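Sharing a structure with you now.
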Amino acid sequence: MPELPEVEIMTRNVRRWCDGRRLLGAELLDPALGVDLSGAIGQAMGPARRRGKYLCQPIGAQVLVLHFRMTGKAVVESSGPRKHARLRLRVEGSPPVAFVDTRRLGTAALLPAGELDAFFAAIPMGPEPWPEPRDGAWWQQRLVGLRGHIKGALMNQARVAGLGNIAASETCYRARLDPRSRVPALGAADWDAIAAAVPAFIEHVLNEESGPEIAYINEGRGAANPFDVYARAGERCGRCGGAVVRIVQAGRATFLCGGCQPRR
DNA sequence: AGGACTGTTCCGCG
DNA sequence: GCGCGGAACAGTCC
(Lines give C-alpha, C1' and ligand atoms only; values in the text may rest on other atoms or scores of the structure.)
Protein backbone atom coordinates (compact mmCIF):
# COMPACT_ATOMS: atom_id res chain seq x y z
CA MET A 1 0.00 0.00 0.00
CA PRO A 2 0.90 3.55 -0.19
CA GLU A 3 2.69 4.84 2.87
CA LEU A 4 2.74 8.40 4.13
CA PRO A 5 4.59 10.00 1.19
CA GLU A 6 2.48 8.22 -1.42
CA VAL A 7 -0.75 9.18 0.34
CA GLU A 8 0.59 12.73 0.53
CA ILE A 9 1.16 12.71 -3.23
CA MET A 10 -2.32 11.34 -3.88
CA THR A 11 -3.84 13.90 -1.53
CA ARG A 12 -2.18 16.73 -3.43
CA ASN A 13 -3.39 15.23 -6.71
CA VAL A 14 -6.96 14.80 -5.51
CA ARG A 15 -6.92 18.37 -4.23
CA ARG A 16 -5.92 19.55 -7.68
CA TRP A 17 -8.60 17.44 -9.38
CA CYS A 18 -11.49 18.06 -6.97
CA ASP A 19 -11.08 21.10 -4.76
CA GLY A 20 -13.70 23.73 -5.50
CA ARG A 21 -15.55 21.51 -7.98
CA ARG A 22 -18.94 19.93 -7.71
CA LEU A 23 -19.47 16.18 -7.45
CA LEU A 24 -21.67 15.36 -10.44
CA GLY A 25 -22.12 11.66 -9.73
CA ALA A 26 -20.64 8.59 -8.12
CA GLU A 27 -20.41 4.97 -9.26
CA LEU A 28 -19.92 2.27 -6.69
CA LEU A 29 -18.33 -0.48 -8.78
CA ASP A 30 -17.53 -2.70 -5.82
CA PRO A 31 -20.49 -2.89 -3.43
CA ALA A 32 -18.18 -4.41 -0.82
CA LEU A 33 -16.72 -0.95 -0.36
CA GLY A 34 -20.03 -0.17 1.31
CA VAL A 35 -20.16 3.58 0.87
CA ASP A 36 -23.25 5.39 -0.44
CA LEU A 37 -22.47 8.74 -2.01
CA SER A 38 -25.98 9.40 -3.38
CA GLY A 39 -26.58 12.04 -0.72
CA ALA A 40 -23.43 13.90 -1.72
CA ILE A 41 -24.22 14.34 -5.41
CA GLY A 42 -24.28 17.99 -6.43
CA GLN A 43 -22.26 19.11 -3.43
CA ALA A 44 -19.08 21.15 -3.73
CA MET A 45 -15.82 19.42 -2.81
CA GLY A 46 -13.26 20.99 -0.52
CA PRO A 47 -9.50 20.49 -0.27
CA ALA A 48 -8.42 16.90 0.38
CA ARG A 49 -6.20 16.34 3.36
CA ARG A 50 -4.10 13.49 4.73
CA ARG A 51 -4.00 11.95 8.19
CA GLY A 52 -1.50 9.12 8.54
CA LYS A 53 -2.22 6.87 5.57
CA TYR A 54 -5.82 8.11 5.24
CA LEU A 55 -7.07 10.53 2.60
CA CYS A 56 -10.05 12.74 3.52
CA GLN A 57 -12.12 14.42 0.81
CA PRO A 58 -14.72 16.94 2.02
CA ILE A 59 -17.94 16.85 -0.02
CA GLY A 60 -20.50 19.38 1.11
CA ALA A 61 -21.05 18.79 4.82
CA GLN A 62 -19.62 15.28 4.65
CA VAL A 63 -16.16 13.74 4.30
CA LEU A 64 -15.16 10.75 2.21
CA VAL A 65 -12.37 8.91 4.04
CA LEU A 66 -10.26 6.48 2.03
CA HIS A 67 -7.65 4.00 3.19
CA PHE A 68 -5.62 2.33 0.45
CA ARG A 69 -4.18 -0.63 2.36
CA MET A 70 -1.88 -2.63 0.08
CA THR A 71 -2.78 -1.85 -3.51
CA GLY A 72 -5.15 1.11 -3.51
CA LYS A 73 -4.64 4.28 -5.49
CA ALA A 74 -6.51 7.47 -6.26
CA VAL A 75 -6.18 8.10 -9.98
CA VAL A 76 -7.63 10.44 -12.57
CA GLU A 77 -9.28 8.65 -15.47
CA SER A 78 -8.15 11.01 -18.18
CA SER A 79 -7.86 8.17 -20.70
CA GLY A 80 -10.91 6.12 -19.85
CA PRO A 81 -12.14 3.80 -17.10
CA ARG A 82 -9.51 1.87 -15.19
CA LYS A 83 -9.37 -1.79 -14.37
CA HIS A 84 -9.99 -2.58 -10.70
CA ALA A 85 -11.79 0.71 -10.10
CA ARG A 86 -13.99 0.26 -7.01
CA LEU A 87 -15.40 3.75 -6.80
CA ARG A 88 -15.61 6.48 -9.40
CA LEU A 89 -16.36 10.14 -8.76
CA ARG A 90 -17.62 12.24 -11.64
CA VAL A 91 -16.17 15.69 -11.17
CA GLU A 92 -17.40 18.93 -12.67
CA GLY A 93 -14.95 20.24 -15.26
CA SER A 94 -12.42 17.45 -14.70
CA PRO A 95 -12.03 13.79 -15.71
CA PRO A 96 -13.43 11.22 -13.28
CA VAL A 97 -11.41 10.38 -10.19
CA ALA A 98 -11.30 6.69 -9.30
CA PHE A 99 -10.34 4.59 -6.30
CA VAL A 100 -8.45 1.72 -7.95
CA ASP A 101 -7.59 -1.23 -5.71
CA THR A 102 -6.53 -4.59 -7.15
CA ARG A 103 -6.59 -6.62 -3.98
CA ARG A 104 -9.69 -4.89 -2.64
CA LEU A 105 -8.36 -4.57 0.88
CA GLY A 106 -8.86 -0.82 0.94
CA THR A 107 -11.70 0.85 2.83
CA ALA A 108 -13.97 3.84 2.42
CA ALA A 109 -16.34 5.68 4.74
CA LEU A 110 -18.60 8.68 4.33
CA LEU A 111 -19.34 10.62 7.48
CA PRO A 112 -20.51 14.03 8.58
CA ALA A 113 -17.59 16.45 8.64
CA GLY A 114 -18.21 17.04 12.32
CA GLU A 115 -17.56 13.39 13.09
CA LEU A 116 -14.15 13.18 11.45
CA ASP A 117 -12.24 13.92 14.65
CA ALA A 118 -14.18 11.25 16.52
CA PHE A 119 -13.59 8.83 13.65
CA PHE A 120 -9.84 9.24 13.95
CA ALA A 121 -9.91 9.34 17.73
CA ALA A 122 -11.34 5.81 17.63
CA ILE A 123 -8.37 4.58 15.57
CA PRO A 124 -5.13 4.03 17.49
CA MET A 125 -3.00 6.49 15.56
CA GLY A 126 -0.16 8.58 16.90
CA PRO A 127 0.95 12.04 15.76
CA GLU A 128 2.38 12.87 12.36
CA PRO A 129 6.16 12.57 11.97
CA TRP A 130 6.15 15.15 9.19
CA PRO A 131 6.05 17.96 8.04
CA GLU A 132 6.48 19.36 11.54
CA PRO A 133 10.11 19.05 12.67
CA ARG A 134 10.60 16.22 15.16
CA ASP A 135 13.84 15.80 17.10
CA GLY A 136 15.51 12.75 18.59
CA ALA A 137 13.92 13.31 21.98
CA TRP A 138 10.49 13.30 20.35
CA TRP A 139 11.15 9.96 18.68
CA GLN A 140 12.52 8.42 21.83
CA GLN A 141 9.46 9.59 23.73
CA ARG A 142 7.06 8.30 21.09
CA LEU A 143 8.55 4.80 21.08
CA VAL A 144 9.28 4.51 24.80
CA GLY A 145 8.11 1.26 26.37
CA LEU A 146 8.45 -0.80 23.20
CA ARG A 147 10.79 -3.76 23.61
CA GLY A 148 10.84 -5.22 20.11
CA HIS A 149 13.01 -4.31 17.16
CA ILE A 150 13.20 -0.74 15.90
CA LYS A 151 11.81 -1.61 12.48
CA GLY A 152 8.54 -2.83 13.97
CA ALA A 153 8.41 0.14 16.31
CA LEU A 154 8.73 2.59 13.42
CA MET A 155 5.73 0.90 11.79
CA ASN A 156 3.60 1.08 14.93
CA GLN A 157 0.77 3.39 13.81
CA ALA A 158 -0.42 3.92 17.38
CA ARG A 159 2.90 5.56 18.26
CA VAL A 160 3.66 7.48 15.06
CA ALA A 161 1.34 7.63 12.05
CA GLY A 162 2.21 6.92 8.47
CA LEU A 163 5.45 4.92 8.31
CA GLY A 164 5.14 1.56 6.58
CA ASN A 165 7.28 -1.39 5.62
CA ILE A 166 9.39 0.50 3.11
CA ALA A 167 9.84 3.63 5.24
CA ALA A 168 10.99 1.45 8.14
CA SER A 169 13.76 -0.20 6.12
CA GLU A 170 14.80 3.04 4.49
CA THR A 171 14.81 4.96 7.76
CA CYS A 172 17.08 2.38 9.40
CA TYR A 173 19.38 2.51 6.40
CA ARG A 174 19.63 6.29 6.49
CA ALA A 175 20.17 6.18 10.25
CA ARG A 176 22.91 3.50 9.84
CA LEU A 177 21.03 1.29 12.23
CA ASP A 178 20.36 -2.43 12.06
CA PRO A 179 16.55 -2.80 11.91
CA ARG A 180 16.82 -5.77 14.31
CA SER A 181 18.18 -3.53 17.08
CA ARG A 182 15.96 -3.59 20.14
CA VAL A 183 14.33 -0.26 20.95
CA PRO A 184 15.68 -0.12 24.54
CA ALA A 185 19.25 -0.50 23.20
CA LEU A 186 19.12 2.71 21.19
CA GLY A 187 21.05 5.77 22.35
CA ALA A 188 20.57 9.51 21.90
CA ALA A 189 22.65 9.54 18.71
CA ASP A 190 20.42 6.83 17.24
CA TRP A 191 17.26 8.80 18.00
CA ASP A 192 18.80 11.90 16.43
CA ALA A 193 19.68 9.87 13.36
CA ILE A 194 16.11 8.55 13.10
CA ALA A 195 14.73 12.06 13.50
CA ALA A 196 16.87 13.22 10.57
CA ALA A 197 16.28 10.12 8.44
CA VAL A 198 12.47 10.18 8.45
CA PRO A 199 11.89 13.60 6.85
CA ALA A 200 14.80 13.03 4.49
CA PHE A 201 13.19 9.80 3.31
CA ILE A 202 9.71 11.30 3.01
CA GLU A 203 10.94 14.28 1.03
CA HIS A 204 13.04 12.05 -1.18
CA VAL A 205 9.97 10.01 -2.08
CA LEU A 206 7.88 13.13 -2.66
CA ASN A 207 10.52 14.32 -5.10
CA GLU A 208 10.90 10.98 -6.83
CA GLU A 209 7.30 9.85 -7.07
CA SER A 210 5.28 13.04 -7.47
CA GLY A 211 3.12 12.89 -10.56
CA PRO A 212 -0.41 12.01 -11.56
CA GLU A 213 -0.04 8.41 -10.38
CA ILE A 214 2.14 6.72 -7.82
CA ALA A 215 4.06 3.66 -9.00
CA TYR A 216 4.51 0.39 -7.19
CA ILE A 217 7.93 -1.05 -7.85
CA ASN A 218 6.53 -4.57 -8.13
CA GLU A 219 3.96 -3.41 -10.68
CA GLY A 220 4.73 -4.08 -14.30
CA ARG A 221 8.32 -3.51 -15.28
CA GLY A 222 8.34 0.22 -15.76
CA ALA A 223 8.95 1.93 -12.49
CA ALA A 224 12.48 2.54 -11.34
CA ASN A 225 13.21 1.73 -7.72
CA PRO A 226 13.59 5.05 -5.88
CA PHE A 227 14.74 3.42 -2.64
CA ASP A 228 18.24 2.88 -1.24
CA VAL A 229 17.85 -0.68 0.04
CA TYR A 230 14.21 -1.75 -0.39
CA ALA A 231 13.89 -4.47 -3.06
CA ARG A 232 17.64 -4.29 -3.70
CA ALA A 233 18.78 -7.60 -2.24
CA GLY A 234 22.03 -8.66 -3.84
CA GLU A 235 22.95 -5.16 -4.96
CA ARG A 236 25.80 -3.08 -3.60
CA CYS A 237 25.16 -0.46 -0.96
CA GLY A 238 25.63 3.00 -2.49
CA ARG A 239 27.24 4.21 0.71
CA CYS A 240 29.78 1.56 1.71
CA GLY A 241 29.71 -0.93 -1.14
CA GLY A 242 28.55 -3.72 1.14
CA ALA A 243 25.89 -6.21 0.16
CA VAL A 244 22.23 -5.34 0.58
CA VAL A 245 20.39 -8.28 2.10
CA ARG A 246 16.77 -9.24 2.61
CA ILE A 247 15.60 -10.65 5.93
CA VAL A 248 12.14 -11.29 7.36
CA GLN A 249 10.85 -9.62 10.51
CA ALA A 250 7.37 -10.33 11.81
CA GLY A 251 6.55 -11.88 8.46
CA ARG A 252 7.51 -8.82 6.45
CA ALA A 253 10.52 -8.25 4.22
CA THR A 254 13.25 -6.02 5.59
CA PHE A 255 16.21 -4.81 3.56
CA LEU A 256 19.47 -3.55 4.98
CA CYS A 257 23.14 -3.15 4.17
CA GLY A 258 25.18 -5.73 6.02
CA GLY A 259 28.16 -3.38 6.03
CA CYS A 260 27.09 -0.04 7.45
CA GLN A 261 24.11 -0.71 9.72
CA PRO A 262 25.57 -2.11 12.93
CA ARG A 263 23.29 -3.66 15.50
CA ARG A 264 22.85 -1.96 18.85
C1' DA B 1 2.87 -24.45 -8.12
C1' DG B 2 4.11 -21.65 -4.49
C1' DG B 3 5.40 -17.43 -2.72
C1' DA B 4 5.57 -12.58 -2.43
C1' DC B 5 3.37 -8.19 -1.90
C1' DT B 6 4.37 -0.15 0.32
C1' DG B 7 -1.61 -2.67 5.63
C1' DT B 8 -4.60 -3.60 9.33
C1' DT B 9 -6.94 -6.43 12.58
C1' DC B 10 -7.70 -10.36 15.38
C1' DC B 11 -5.91 -13.95 18.21
C1' DG B 12 -2.77 -16.59 21.16
C1' DC B 13 1.35 -16.47 23.75
C1' DG B 14 4.76 -14.69 27.07
C1' DG C 1 -2.43 -5.78 30.94
C1' DC C 2 0.70 -5.06 27.33
C1' DG C 3 3.69 -6.11 23.67
C1' DC C 4 4.81 -9.15 20.05
C1' DG C 5 4.34 -12.28 16.09
C1' DG C 6 1.58 -15.09 13.04
C1' DA C 7 -2.55 -15.60 10.31
C1' DA C 8 -6.16 -13.90 7.61
C1' DC C 9 -8.06 -10.82 4.29
C1' DA C 10 -7.69 -10.79 -1.55
C1' DG C 11 -5.95 -10.62 -6.26
C1' DT C 12 -2.21 -10.66 -9.41
C1' DC C 13 2.22 -11.54 -10.95
C1' DC C 14 6.09 -13.95 -11.46
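Side chains are part of it too, since the values below use all heavy atoms of this structure and drop only hydrogens, waters and symmetry mates. Source: prediction; values computed, not measured. Here is how names work: the chains are called A, B, and so on, in the same order as the sequence lines, proteins then strands, and each is numbered from 1.
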Report summary line: For residues 250-261 of chain A, the side chain to side chain donor-acceptor pair (under 3.5 Å) pairs (sequence neighbours left out) are A:K151-A:T254, A:Q249-A:T254

Query raised in the report: What heavy-atom pair brings A:A200 and A:R174 nearest, and what distance separates the two atoms?
Result: CB-NH1, 3.6 Å

Requested in this report: Hey, which sits more toward the 5' end of DNA chain C by its nearest nucleotide, A:V183 or A:R104?
Outcome: A:V183

Query raised in the report: Given the rule that a pair is Watson-Crick or G-U wobble with both distances under 3.5 Å, how would you write DNA chain C in dot-bracket, using | for pairs to a different strand?
Result: .||||||||.||||

Report summary line: For A:Q43, the side-chain contact (heavy atoms from CB on, under 4.5 Å) test, sequence neighbours excluded, returns A:I59

Query raised in the report: Which residues pass the side-chain contact (heavy atoms from CB on, under 4.5 Å) test with A:S38, sequence neighbours left out?
Result: A:D36

Requested in this report: Check each residue of residues 196-206 of chain A for a non-hydrogen atom within less than 4.0 Å of any atom in DNA chain C, then write out the ones that pass by number, or none.
Outcome: none

Query raised in the report: Looking at A:R12 and A:E8, does any basic side-chain N land under 4.0 Å from a carboxylate oxygen?
Result: yes

Query - Those residues that, when tested against A:Y173, pass ring pair (Phe, Tyr, Trp, His ring centres under 6.0 Å) (two or more places apart) - result: none

**Report entry** Test ring pair (Phe, Tyr, Trp, His ring centres under 6.0 Å) applied to A:F255 - qualifying residues, sequence neighbours left out
**Finding:** A:Y230

Report summary line: Whole-Å distance, A:L163 CG to B:dT8 C1', equals 15 Å

Query - Nearest-Å distance for atom pair NZ/P, residues A:K73 and B:dC5 - result: 18 Å

Query raised in the report: Using a side-chain heavy atom cutoff under 4.5 Å and only I, L, V, M, F, W and Y, what cluster partners does A:V75 have?
Result: A:V100

Expected rows: protein N/O vs nucleotides 5-7 of chain C N/O, under 3.5 Å:
none

Query raised in the report: In whole angstrom, what separates A:R159's CZ from C:dC2's C1'?
Result: 10 Å

Query raised in the report: Are any of A:K83's side-chain N or O atoms less than 4.0 Å away from OP1 or OP2 of C:dG11?
Result: no

Report summary line: Regarding the side chain of A:R252, the nearest nucleotide among B:dG7, B:dA4, C:dG3 is B:dG7

Query - Selected nucleotide, minimal atom distance to A:R147 side chain, candidates C:dG3, B:dC5, C:dG11 - result: C:dG3

**Report entry** Nearest-angstrom distance from the residue atom CZ of A:F227 to C1' of B:dC5
**Finding:** 13 Å

**Report entry** Whole angstrom value for the distance that separates P of B:dT8 from CE of A:M70
**Finding:** 10 Å

Report summary line: With sequence neighbours left out, the residues meeting side-chain contact (heavy atoms from CB on, under 4.5 Å) with A:Q141 are none

**Report entry** Span that lies between the C1' atom of B:dC5 and that of C:dC4, in whole angstrom
**Finding:** 22 Å

Query raised in the report: Nearest to the side chain of A:H67 - C:dG3, B:dC5, B:dT8?
Result: B:dT8

Query raised in the report: side-chain contact (heavy atoms from CB on, under 4.5 Å) with A:P58: which residues, sequence neighbours excluded?
Result: none

Query raised in the report: Are the side chain of A:E128 and the backbone of A:G52 linked by a donor-acceptor contact shorter than 3.5 Å?
Result: yes

**Report entry** Sugar-phosphate, base or nothing in reach of A:A253, heavy atoms under 4.0 Å
**Finding:** sugar-phosphate

Query raised in the report: What is the distance, rounded to the nearest whole Å, between atom CG of A:L33 and atom P of C:dG11?
Result: 13 Å

Query raised in the report: How many Å lie between CE on A:M155 and P on C:dC4, as a whole number?
Result: 13 Å

Report summary line: To the nearest angstrom, the CD1-P distance between A:I214 and B:dG7 comes to 11 Å

**Report entry** ring pair (Phe, Tyr, Trp, His ring centres under 6.0 Å) involving A:F119 - partner list, sequence neighbours excluded
**Finding:** none

Report summary line: Closest to the side chain of A:L146, out of B:dG7, C:dT12, C:dG3, is C:dG3

